[in-house]
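Atoms considered below: every heavy atom in the structure, side chains included; atoms not considered: hydrogens, waters and symmetry mates. Just so you know, residue 1 is the first one in the sequence shown, and it goes up from there. When a ligand or atom number is given, it counts from 1 through the structure's own listing order.
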Amino acid sequence: MNIVNVDYDGLIPNNVGLGSDVRVKRALEKWHPGYINWWNDMGPDGFQSSLVYLRTAISVDPKGWAKFDYVKMPDYRWGILLAPQQEGRKVNFGAHKGEPAWQEVPGEYRAMLRRLVVIQGDTEPASVEQQRHLGKTAPSLYDMRNLFQVNVEEGRHLWAMVYLLHKYFGTEGRDEADALLERRSGDADTPRMLGAFNEKTPDWLSFFMFTYFTDRDGKMQLEAQAQSGFDPLSRTCRFMLTEEAHHMFVGETGVTRIVQKTCEAMKDAGIDDPNDIEKVRKLGVIDLPTIQKKLNMHCSLSLDLFGNEISTNAANAYHSGLKGRFREDRLDDDHTLESSTYPVTRLKDGKIVMEDTPALSSLNMRLRDDYLKDCSLGIGRWNKTIEATGVKFELKLPHQAFHRQIGEFSKIKADPAGVIMSDGEWDKKRNDFLPSDGDRDYIESLMQPEVEPGKFAGWIAPPKVGIDNKPGDFEYVKLA
Ligand SMILES: [Fe+2]
Ligand SMILES: [Fe+2]
């Protein structure tokens, strides 16, 4: 079997030898119609028969894994692609460190592993549901195409997790795969499993912030699971990371282009004060303080995805060799963490303090710290964009204690700088920190579609280069 090339002959493109795995092939073929129904019901609203210039994975060779072409989204070839198996790969952390990586699920870890796969799987269709209305207000065909690219790839990520469930987890896996198509983002009775995936993504600034912050949580989780001793999970996550990079590119460059447009418009109009919101809004661009509020919201929601500060589940998943640290294979320590500690930001006697905590139980925080480091790189680049225009304003990451629903800081109120405040003070200042109804209404008023090739809505700058090196006026979506 040539693992690098993908078998495109059957219903489900794959590089896992599905042709000779009759049981799993049948199970997935049975799941397929439900998936297509879900896509038609919950995927991009109003664009299912448009031709979209999309990339499809045709290989797992890092040098040339994708091919670009026009495709109707329901005809997209969602496939199962695992990164190539590495000869002699070992479990590289936890109690089983040094043992050969598992090709089958270790019996004693079955339930824990299934839960990891289901939680990861649940986020994939959730974001498609959250973003399903955005096509109608796309600021350009370029942006519309990027949205749909992210959406079809989240669909493929669902396939990736569903394959693991069917292949390795028997009837329980099958039931979980069915349930992944039944939950709905934001539904009162059957919501998605994690909070941030039940929030609305009402406008394009939210979409870019979501792909910047929340897809980056996805990246961190995939990185940690790419280290897994369970080899099929590791391999599938490694390939998903290839696609994930584009999602964060969409987020980062989206915000860059908004910030750039705002600052340029201010300069042209001779407005020096970024806080003069009324004047800035008259220009039809999004003022920087409102961008900061959206940033505060999406960052804080995404921090919740890392779970509790101190977590036995995280300790168990590491100890068992199922979920590692960010770039575990590049870290230089004992990789068992039995006797080491890690400094965690905690709430003690009503104060925010740093406390050395057993390293195993603080793994969620370590991953979250790595995440915040990763987040801050793009914020630095956004600030460079602002600086280059001469506008005086700095975007900042909010403090970890700000606006939290999960973990120790959910018990208190703190401002974006991490200063603890009373509930009363919070109520008075909330709209300085997070988007108000008025901010939302203003942004919504800007969300008018621009569907002429090469044109962009007035609140966002064009990208520096096209997708697949296409020229500026390329018709990325042929509307139908
Ligand atoms: Fe994903
Ligand atoms: Fe993603």
Side-chain angles (χ1 to χ4, degrees), residues 35 38-39 42-44 52 54-57 60 65-66 73 76-83 116-132 134-135 143-165 177 180-181 183 185 192-199 201 204 206-226 228 232-255 298-299 301-302 305-306 323 326 367 371 374-375 378 467:
Y35 172 80
W38 167 80
W39 180 269
M42 297 310 294
V52 188
L54 293 174
R55 71 176 184 190
T56 303
V60 290
W65 59 275
M73 284 183 279
Y76 190 77
R77 302 298 308 272
W78 284 284
I80 297 159
L81 298 113
L82 273 60
L116 284 179
V117 172
V118 168
I119 291 177
Q120 181 65 46
D122 194 65
T123 65
E124 313 291 356
S127 63
V128 176
E129 293 165 1
Q130 288 169 293
Q131 295 160 14
R132 68 181 302 252
L134 289 173
D143 290 290
M144 188 191 281
R145 176 263 164 215
N146 285 350
L147 165 72
F148 296 157
Q149 182 72 62
V150 170
N151 293 159
V152 292
E153 285 175 351
E154 300 306 3
R156 204 203 67 73
H157 292 174
L158 173 60
W159 273 95
M161 293 298 127
V162 163
Y163 166 72
L164 294 181
L165 289 170
L180 284 168
L181 295 177
R183 288 185 287 272
S185 176
R192 291 292 171 185
M193 297 170 88
L194 303 173
F197 291 91
N198 287 303
E199 299 284 335
T201 312
W204 278 78
S206 278
F207 170 66
F208 293 132
M209 288 293 182
F210 185 99
T211 41
Y212 188 80
F213 285 105
T214 309
D215 282 68
R216 191 177 309 274
D217 159 71
K219 167 188 164 179
M220 299 310 286
Q221 303 299 337
L222 292 175
E223 288 274 9
Q225 294 174 105
S228 184
L233 177 61
S234 164
R235 289 171 55 203
T236 208
C237 288
R238 270 183 271 148
F239 186 67
M240 289 162 79
L241 280 165
T242 316
E243 294 163 315
E244 204 59 54
H246 177 66
H247 306 181
M248 284 170 295
F249 161 86
V250 169
E252 180 174 335
T253 54
V255 176
H298 287 275
C299 182
L301 288 170
S302 301
L305 293 170
F306 291 84
K323 184 178 174 183
F326 180 56
L367 194 61
Y371 166 78
D374 210 50
C375 285
I467 294 294

Heteroatom N/O/S of E124 within less than 2.8 Å of the Fe ion (ligand 2): no

Closest D215 atom to the Fe ion (ligand 2) [N, O or S only]: OD2

Answer yes when R55 and E153 have at least one side-chain N-carboxylate O distance shorter than 4.0 Å, and no when they do not. yes

State the atom name: nearest N, O or S atom of H157 to the Fe ion (ligand 1). ND1

The Fe ion (ligand 2) - closest N/O/S atom in E244: OE2

What I want to check is whether the side chains of Y35 and W78 have a donor and an acceptor closer together than 3.5 Å. yes

I'd like to know: is the Fe ion (ligand 2) within the 2.8 Å range of an N/O/S atom from E243, strictly under that distance? no

H298-S206 side chain donor-acceptor pair, cut-off 3.5 Å: yes

Between S228 and S234, do the side chains contain an N or O donor and an N or O acceptor separated by less than 3.5 Å? no

Can you tell me which residue among F213, Y212, F306 is in a ring pair (Phe, Tyr, Trp, His ring centres under 6.0 Å) with Y371? F306

Angle at the Fe ion (ligand 2), OE2 of E154 to ND1 of H247, rounded to 10 degrees, please. 90°

